[in-house]
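Right, one structure below, let's go through it.
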Amino acid sequence: MSQETGTTMLNLLQRPRRNRKHPAIRAFVRETTLAPEHLIYPLFVHAGEDDVPIASMPGCARLSQRGLLAEVEAARAVGVDIIALFPAVAEGLKTPDGREAWNPNGLVPNTIKALKDRWPDLVIVTDVALDPYNSDGHDGIVAPDGRILNDETVEALCNQALCQARAGADIVAPSDMMDGRVQALREALDGEGFIDVSILAYTAKYASGFYGPFRDALDSAPKSGDKKTYQMDPANAREAMREAELDEVEGADILMVKPAGPYLDILAALRRATSLPLAAYQVSGEYAMLKAACERGWLDEKRVVLESLLGIRRAGADVIFTYFARQAAEWLVASSRR
Ligand code: PBG
């Protein structure tokens, strides 16, 4: 007789549900954790006085300096101590060589200084790539025939990263996908004594449709062509292993997979292949998808956001770039106070 229903009992030796029967048991069999220290908060900044909402990313804005300081304060209050800066640069400052990227009085260096004045212990990640500064909207310098010039771009990226390091960046994050840029950045940084500035390499950055809202946010979409000659083909997994080996020998401190959700297999494979810490970027399009469904009441925002982040952690990410960082940390802190 079954104790449940009084009818026949299956003769099972294995009943996995026994390990799910009580919250305290579920708590110790839980394999993956998600906490505010696993989150990096990407923030958009511009030189304007107002915060300008980004239509395709509800809840995100191009922040003024004042808006940025308020947002960082709120994020730190819930334990998010790492931010990544993305500048929306005035069209008039964009040139074919992207030289505004290493203007010592540019938006990014000035913003870093303002943040560090207020919070010397805030960890600041900067993006190394020319697209916000390049009049062609590409991460690299575009030749007259349309090719993206690798080695010339790498030299420009070194100028950019040095400018960021001099202003106080803690981690530089090349998102450009040029060959050899990690080693060149390491040598350039070390050459000026910035031995403690970390390199977080966008190792497996795919040519993804999920970057659309980000390019709206920064007005940084390519003016012609696409990014397929430098970003990776979404069909490829082995190639990510090759990129990882190169970034590792070139001196990267942390490897990243981007986007995150559609590329969890890449993250899991990299987790097995390297001993370096791994990051994943839940990109603008992943954010927009979740937001759009939640705004319509089709999904429960708190549940699906935390589940999407836990899934990325479970696949192997030590740290996650997410536009939900502040909100997710608020939820996590509130539920840990229970
Ligand atoms: C560009 C860069 C992009 C993102 C981060 N850095 C866009 C691109 O490669 O076109 C995308 C981030 C996102 O979609 O959230 N260097």
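Any value given below was found using the heavy atoms of this structure, including those in side chains, with hydrogens, waters and symmetry copies removed. No experiment lies behind these values; they were computed from the predicted model shown. In listed order, ligands and their atoms are each counted from 1.
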Ring center gap for F214 and Y281 short of 6.0 angstrom: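 Distance test on ring centres: not under 6.0 Å, no.
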Hey, which residues fall under 4.0 Å of ligand 1 on heavy atoms?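 Lining ligand 1 at under 4.0 Å, by heavy atoms, one finds F86, D127, A129, D131, D139, S175, K205, F210, Y211, F214, R215, K227, Q231, K258, Y281, V283, S284, Y323.
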Same hydrophobic cluster for W119 and I40, using side-chain heavy-atom links shorter than 4.5 Å among ILVMFWY?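 No, no single cluster joins them.
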In the single-linkage hydrophobic clustering (I, L, V, M, F, W, Y; side-chain heavy atoms under 4.5 Å), do L278 and L39 co-cluster?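 Yes, same cluster.
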Please identify which of these residues, T126, D127, V197, meets the side-chain contact (heavy atoms from CB on, under 4.5 Å) condition with Q164.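 Going through T126, D127, V197 one by one, the side-chain contact (heavy atoms from CB on, under 4.5 Å) with Q164 is satisfied by T126 alone.
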Parallel, tilted or perpendicular, judged at 30° and 60°: which one describes the rings of Y263 and Y206? parallel
Check: K291 and E301 side chains under 4.5 Å, non-hydrogen atoms: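 E301 reaches K291 side chain to side chain.
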